[in-house]
Amino acid sequence: EDSNHELWIATLKGGLNFFNRKAGNFTRFQHTQNSDRSVSSNSIHTIFEDSKKRLWIGTTENGLDLFDRKTGQFYNYKNDPASKSSLASNAVRAIKESNQNELWIGTENGGISIFNTDKKIFQSYQNDEFDNASLASNSVNTICKDTRGNMWIGMFNAGVDMASMDAGKFSSYRHIPSSNSLSNNKVLCVYEDSRKNIWIGTDGGGLNLLNPQTGHFTHFLHDKNNKNSICADYVLSVCEDSKGNIWVGTWGEGITVFDG
């Protein structure tokens, strides 16, 4: 849902879909061969509206699109192997905007690209095995910006990195042999609630609640003998409603709601 309360839907093979609530119908935007102003791919992973109400489309294999709502045209940004200032990878998995109005773009196998939309320049951050302060993995699944402007980066098999205002330094949270650590390093979603708690959904490790002050995690795992436990350990999404309840979406096993 965008700032005008209009619905935009990403699909795996059907392109970008816009739902007109008043008319009750859909408008489809699909890739047209030999047209560089159509959406660049029909396989879309993520949609993001920035502070200027521009709509950005992250495709699964064809880079980043900017959609001009007035003209219905798309403008594509791709990786150029010959340019370090281009998008790091064409497989876009997550998009968020920093307090500096730059786009943080999480990619598969390319790390993070930070896009200055005025200068049209990307600056990329990737894993360096010799630098413990570098990004933990180049495969990014999700990005969350908290109320302090920190960026939380969830990765495949590498836990969560937190980047403060200095984007060159990353603090890592990973699973280690400790009851207080992250339960699983395969992170699918990160969410900050109204109480400034950080919730982290994992692929097989249930839901984690991080205390930012102590760095300790509380784990919520499925227990087949407890009907009040979380319904599954594969957590795809987390959100909070107006009453402070936390809604947890799982893979194949429904929704769990934590009372606010």
Side-chain angles (χ1 to χ4, degrees), residues 1-3 46-54 56 58 92-107 111-118 122-127 131-137 140-156 158-176 178 180-185 187-202 207-220 235-248 258 260:
E1 186 177 41
D2 65 18
S3 57
T46 187
I47 304 170
F48 179 75
E49 184 186 37
D50 69 15
S51 57
K52 296 181 180 179
K53 299 187 177 182
R54 295 175 297 190
W56 299 89
V92 176
R93 295 291 177 262
I95 308 170
K96 278 292 183 292
E97 185 176 13
S98 72
N99 286 349
Q100 291 74 38
N101 302 120
E102 295 176 320
L103 293 183
W104 284 53
I105 301 161
T107 71
I112 293 283
S113 284
I114 299 178
F115 186 34
N116 184 313
T117 58
D118 294 327
F122 294 85
Q123 183 176 4
S124 296
Y125 294 87
Q126 298 175 330
N127 173 256
D131 182 1
N132 290 332
S134 70
L135 190 66
S137 169
V140 175
N141 283 331
T142 185
I143 304 173
C144 169
K145 184 179 78 170
D146 68 21
T147 52
R148 295 169 291 276
N150 301 317
M151 307 296 273
W152 296 80
I153 302 160
M155 292 160 290
F156 179 78
V160 176
D161 277 3
M162 190 273 285
S164 61
M165 301 303 289
D166 180 2
K169 296 180 180 179
F170 297 89
S171 301
S172 293
Y173 298 88
R174 302 182 193 178
H175 174 69
I176 58 174
S178 166
N180 292 323
S181 76
L182 185 67
S183 66
N184 187 300
N185 284 328
V187 174
L188 300 178
C189 63
V190 182
Y191 181 81
E192 184 191 37
D193 67 20
S194 60
R195 302 174 184 87
K196 300 183 180 179
N197 295 312
I198 300 295
W199 298 84
I200 299 170
T202 70
L207 182 65
N208 292 251
L209 174 60
L210 172 64
N211 183 322
Q213 280 70 45
T214 65
H216 292 171
F217 290 88
T218 301
H219 306 147
F220 298 92
V235 177
L236 298 175
S237 62
V238 179
C239 68
E240 182 180 16
D241 65 23
S242 59
K243 297 179 180 178
N245 300 313
I246 301 296
W247 292 67
V248 182
F258 287 93

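Keep in mind that this is a model prediction, so the values were computed, not measured.
- The CZ atom of Phe217 lies 6.0 Å from the CG atom of Asn208; values are rounded to the nearest 0.5 Å.
- In this structure the side chain of Phe220 reaches within 4.5 angstrom of the side chain of Leu209, judged on heavy atoms.
- With no hydrogens or angles considered, no side-chain donor-acceptor pair links Gln123 and Ser113 at under 3.5 Å.
- In terms of heavy-atom proximity, Ala94 sits nearest to Asn141 at CB-O, 4.0 Å.
- The minimum heavy-atom distance linking Gly244 with Arg195 is given by the pair O-NH1, 3.7 Å.
- The side-chain heavy atoms of Val190 and Ile198, taken from C-beta on, include a pair separated by under 4.5 Å.
- Closest heavy-atom contact between Leu103 and Glu97: CD2-CB, 4.1 Å.
- The shortest non-hydrogen separation linking Ile105 to Phe122 is CD1-CE2, 3.7 Å.
- There is no side-chain donor-acceptor pair under 3.5 Å between Asn127 and Ser137.
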Give the C-alpha distance, both sets of side-chain angles, the deciding distance and a yes or no for side-chain contact (heavy atoms from CB on, under 4.5 Å) between Ile143 and Arg93.
CA-CA 9 Å; Ile143 304 173; Arg93 295 291 177 262; over 6 Å; no
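- Between the CG atom of Asp161 and the OG atom of Ser171 there is a distance of 8.0 Å, given to the nearest 0.5 Å.
- With contacts defined as side-chain heavy-atom distances shorter than 4.5 Å, the pair Ile153/Phe170 qualifies.
- When all heavy atoms of Ala136 and Arg174 are compared, the pair lying nearest together is CB-NH2, 3.1 Å.
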What's the verdict on side-chain contact (heavy atoms from CB on, under 4.5 Å) for Glu240 and Ser194, showing C-alpha distance, side-chain angles and the deciding distance?
CA-CA 8 Å; Glu240 182 180 16; Ser194 60; 2.7 Å; yes
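- Going from atom CD1 of Ile112 over to atom CE of Met155 covers 8.5 Å, rounded to the nearest 0.5 Å.
- Using a 4.5 Å heavy-atom threshold, the side chains of Asp193 and Ile246 count as touching.
- Asn150 and Ser164 are not linked by any side-chain donor-acceptor pair at a separation below 3.5 angstrom, with hydrogens and angles left out of the test.
- With no hydrogens or angles considered, no side-chain donor-acceptor pair links Glu102 and Thr117 at under 3.5 Å.
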Verify side-chain contact (heavy atoms from CB on, under 4.5 Å) between Val160 and Ile200, making sure each step is shown before the conclusion.
CA-CA 9 Å; Val160 176; Ile200 299 170; 3.8 Å; yes
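- Lys145 NZ to Met151 CE: the interatomic distance, rounded to the nearest 0.5 Å, is 6.5 Å.
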Do Glu49 and Arg54 pass the side-chain contact (heavy atoms from CB on, under 4.5 Å) test, and can you show the C-alpha distance, the side-chain angles, and the key distance before you say yes or no?
CA-CA 5 Å; Glu49 184 186 37; Arg54 295 175 297 190; over 6 Å; no
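- The main-chain N or O of Leu182 is found under 3.5 Å from a side-chain atom of His175 such that the two form a donor-acceptor pair.
- Under 3.5 Å, the side chains of Asp241 and Trp247 contain a donor-acceptor pair of N or O atoms.
- In this structure, Thr46 has no side-chain hydrogen bond (donor to acceptor under 3.5 Å, both in side chains) partners at least two apart in sequence or on a different chain.
- Considering all non-hydrogen atoms of both residues, Phe48 and Ile95 come closest at CD1-O, 3.5 Å.
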Verdict with supporting geometry, Trp56 and Asp50, side-chain hydrogen bond (donor to acceptor under 3.5 Å, both in side chains)
CA-CA 8 Å; Trp56 299 89; Asp50 69 15; 2.9 Å; yes
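- In this structure, Trp152 has its ring center closer than 6.0 angstrom to the ring center of Tyr173.
- A donor atom on one side chain and an acceptor atom on the other are found under 3.5 Å apart for Thr147 and Glu192.
- By the 4.5 Å heavy-atom criterion applied to side chains, Val235 and Cys189 are counted as neighbours.
- No side-chain donor-acceptor contact under 3.5 Å links Asn101 and Lys52.
- Side-chain contact check for Leu207 versus Thr202: every heavy-atom pair is 4.5 Å or farther apart.
- You'll find the side chain of Ile114 reaches within 4.5 Å of the side chain of Tyr125, heavy atoms only.
- In this structure, the side chains of Asp146 and Lys196 stay at 4.5 Å or more apart for every pair of heavy atoms.
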